[in-house]
2 protein chains.
Amino acid sequence: MPPKKKTKVDPPQSSSDEGNSDHSGNKSANKPKRVRKKSAKATITENENKTSKTLQNKTTTEFLNQDFNNVSKTVDGENWNLKIASWNVDGLRAWIKKGGLDYLHHENPDILCLQEIKCSKSKLPPEVEVPGFHRYWNSSEADGYAGLGLYTKVKPESISYGIGIPDFDKEGRLMIAEYEKFYLVNVYVPNAGRKLVTLDKRLQWNPKFQELVKDLDSKKPVIICGDMNVAHQEIDIANPKSNKRNAGFTQEERDGFSELLKSVSLTDGFRHKYPDVKGAYTFWTYMANARKKNIGWRLDYCLLSEKLSSNFCDCCLRSEVFGSDHCPVVSFFHM
Amino acid sequence: MPPKKKTKVDPPQSSSDEGNSDHSGNKSANKPKRVRKKSAKATITENENKTSKTLQNKTTTEFLNQDFNNVSKTVDGENWNLKIASWNVDGLRAWIKKGGLDYLHHENPDILCLQEIKCSKSKLPPEVEVPGFHRYWNSSEADGYAGLGLYTKVKPESISYGIGIPDFDKEGRLMIAEYEKFYLVNVYVPNAGRKLVTLDKRLQWNPKFQELVKDLDSKKPVIICGDMNVAHQEIDIANPKSNKRNAGFTQEERDGFSELLKSVSLTDGFRHKYPDVKGAYTFWTYMANARKKNIGWRLDYCLLSEKLSSNFCDCCLRSEVFGSDHCPVVSFFHM
DNA sequence: CGTGGAAGG
DNA sequence: CCTTGCACG
């Protein structure tokens, strides 16, 4: 460095950077808009050609420490012989990397309904192929948004897609698999959005969906699995008071759900079996360590035609299965 | 599962998914647009609450296996006493996570010029503060794009920002630090873009830059450090033939560089010292393992006024320092 | 907080 | 291939 005789070497200021306020160009420097909180949680492993990033939320499931079996029976004492699982995976590709398909193997359901795969058909990774299961997809037109998947051991008699409203159907929000004794509806109900910006659209879903289910139910009993994007009652959400004007717990959405159950005579499998159980949720925001603190919402359901009441055995929320901000919901039937 | 007496359980097809071609909505399913190749390179460490993602490119530097010292002298036999480093970091925040600041400590230059910090001032992480250095920033108005940083042990007599063309100056492409005996120009020359879409803009830079440097040079000698975004001669690029119509090696860009050196009487420090050394690059695309194969470009330079020829000792390309798709360029002077 | 895609390189 | 902001949840 050129030894500057006149100017003493100033110690740099310890807390602020020296700036370019005159014509630097960055006008917004003083009013931070949305500071990323992701920042510096990375650790570097010396001498290894990789970066390992510590995620804040738990992503791995201890499959061996939990029991995926079930000894439930119907009211008439019949053992279950049909297991249907449902999971909003919040991005199928990330979910696979976090071991999501291991869940399929450990749970070993007859049917697995997936929601929010966020993956167009052409981008499905090869691992989605699982021997022993037929696979069906209803991807969104918009890449990386919404979308459904279905794994099934028995090939359905038929599959159909969509609810009959183009705006919804191009998003991959509904598929119907017809089996011998029932219709299975795999559904991902639209979200009302931050600040309820899409509440109108959300509420357009309800009558059409109700009509569709009613129509199906007039032909064969119906089992609906999926993310209904609403916590039905106060018991279904950790903070009912503060969420009354938030997406997923507005009166309009809750009423729509009640109306659906009533008008088609559907049963909420989990709540039917466990009418008073509190703290039973299927979704926790990734933020603020909500899952660890069980600040959750019950948004994912198995609903069944009343005609299937005598076939219903149990419905479990797999809150110890990780890999998404939702957990799987598993239902047991004797058919 | 309902035992279906009539329908035999079909084995699922082994290679293709069963589809929704009728009214599924995903019209582009058969013509993949841009398939992510990142896909399934993740490894899951059981029982650890994190995901470790193996990056394809090397990101960690073995600082202890290399010598950041230098025994070069001026032509007159004087030892160097000023070290200036320059590095296009391709995203300051990612670079920091990859240990970029460790380089500052190991190299310990008097001045470090950074280019492409891709970070507005308000989003600079706290770690950028390094005791013993003054810091200056020239961030782009557009968040996450271009931008410069400067670390300096001695506080400059003055700092100025921009070249005098608003379109460039709002992008954080030039800063000038005035020291007692020279001007230091930290620069990130605009890229001509894929398919040369911004070649016109790129070429507008040259005359203005030349004029500015010439003007500075008339007052004090100049040292220019940064990413000139051009490989000057065939020796400065691994594949000259196939890149003649690609950004960074068009005749127009190369001629502009020649013209700059000639009109201001500047010396390309590295090439001056090593006129015949081949395979000496400062940039390798992340794609196709280019760096491992040394398929690179020399885009980063230290240029000096001819008046400083007797002060110049050496210029080194730190090709074994990782953390960006560019490597640092270090120059040694006796002042 | 985390997923996926877009622009830019 | 990799970084950044962005939309969405």
Side-chain angles (χ1 to χ4, degrees), chain A residues 33-39 41 51 53 55-59 88-98 115-120 123 139-140 142-147 171 188 190-195 197-198 227 229 246-248 283-291 297 299 323-326, chain B residues 33-39 41 51 53 55-59 88-95 97-98 115-120 123 140 142-147 171 188 190-195 197-198 227 229 246-248 283-291 297 299 323-326:
Chain A
K33 283 164 191 170
R34 201 180 61 116
V35 180
R36 271 223 185 170
K37 292 181 185 159
K38 193 171 281 185
S39 71
K41 279 252 179 181
T51 307
K53 192 174 85 174
L55 296 181
Q56 314 240 154
N57 277 266
K58 194 159 154 60
T59 54
N88 177 320
V89 296
D90 187 30
L92 176 121
R93 284 163 289 182
W95 171 78
I96 285 177
K97 289 177 189 169
K98 288 179 282 194
Q115 300 89 38
E116 246 193 312
I117 62 169
K118 292 183 171 183
C119 189
S120 49
K123 294 185 183 174
S139 295
S140 173
D143 231 15
Y145 180 70
E171 295 182 335
Y188 174 44
N191 191 296
R194 294 269 169 95
K195 315 242 71 178
V197 282
T198 47
D227 178 355
N229 249 322
N246 286 338
F283 163 82
W284 305 261
T285 173
Y286 281 126
M287 286 171 262
N289 251 300
R291 190 158 183 175
W297 308 51
L299 303 179
S324 165
D325 48 1
H326 295 246
Chain B
K33 283 166 192 167
R34 202 181 60 116
V35 179
R36 273 224 183 168
K37 291 181 185 160
K38 193 171 282 186
S39 70
K41 279 254 179 179
T51 307
K53 191 175 83 172
L55 296 181
Q56 315 241 151
N57 278 265
K58 196 160 155 58
T59 53
N88 177 320
V89 296
D90 187 30
L92 176 121
R93 284 164 291 183
W95 171 79
K97 289 177 189 170
K98 288 178 282 195
Q115 301 89 37
E116 245 193 313
I117 61 169
K118 291 183 170 181
C119 189
S120 48
K123 294 185 182 173
S140 174
D143 231 15
Y145 180 70
E171 294 181 336
Y188 174 45
N191 190 297
R194 296 265 170 98
K195 315 243 71 178
V197 283
T198 46
D227 178 354
N229 248 323
N246 286 338
F283 163 83
W284 305 261
T285 172
Y286 280 126
M287 285 172 262
N289 253 298
R291 189 155 184 177
W297 308 51
L299 303 180
S324 165
D325 48 1
H326 294 244

Contacts of A/D325 that satisfy side-chain hydrogen bond (donor to acceptor under 3.5 Å, both in side chains) - sequence neighbours left out: none
Proximal nucleotide (of D/dC2, C/dG9, D/dT4) relative to the B/R93 side chain: D/dT4
Separation of atom CG in A/D227 from atom C1' in C/dT3, rounded to whole Å: 15 Å
Gap between atoms NZ and P, on A/K98 and C/dC1 respectively (whole Å): 15 Å
Selection from D/dC1, C/dG9, C/dT3 that lies nearest to any side-chain heavy atom of B/E116: C/dG9
Distance, rounded to the nearest Å, where A/N229 contributes CG and D/dG9 contributes P: 8 Å
All side-chain hydrogen bond (donor to acceptor under 3.5 Å, both in side chains) counterparts of A/W284, not counting sequence neighbours: A/N294
Side-chain N,O (A/Y145) to OP1/OP2 (D/dG9) below 4.0 Å: yes
Of A/N289 and A/L92, the one whose closest DNA chain C nucleotide lies more 5': A/N289
Value in whole Å for how far the C1' atom of D/dT3 lies from OH of B/Y188: 11 Å
Closest nucleotide among C/dT3, D/dT3, C/dG9 to the B/M287 side chain: C/dG9
Gap between atoms NZ and P, on A/K195 and D/dC8 respectively (whole Å): 16 Å
Heavy-atom donor-acceptor pair, A/T59 side chain to A/G323 backbone, under 3.5 Å: no
Which nucleotide in D/dT3, D/dT4, D/dC1 has an atom nearest any side-chain atom of B/N57: D/dC1
Heavy-atom side-chain proximity of B/Q115 to B/H326 below 4.5 angstrom: no
Protein-nucleotide distance (B/D143, atom CG; C/dG8, atom P), rounded to Å: 14 Å
Rounded interatomic separation in angstrom, taking CD1 from A/I117 and C1' from D/dC8: 16 Å
Nearest-nucleotide pick for B/K118, side chain only, options being D/dT4, C/dC1, C/dG9: D/dT4
Presence of donor-acceptor pair under 3.5 Å, side chain of B/R194 and base of C/dG9: yes
Distance, rounded to the nearest Å, where B/W284 contributes CH2 and C/dG9 contributes C1': 16 Å
Phosphate contact (C/dG8 OP1 or OP2) by B/N191 side-chain N/O below 4.0 Å: no
Donor-acceptor contact below 3.5 Å, side chain A/S139 vs main chain A/G147: no
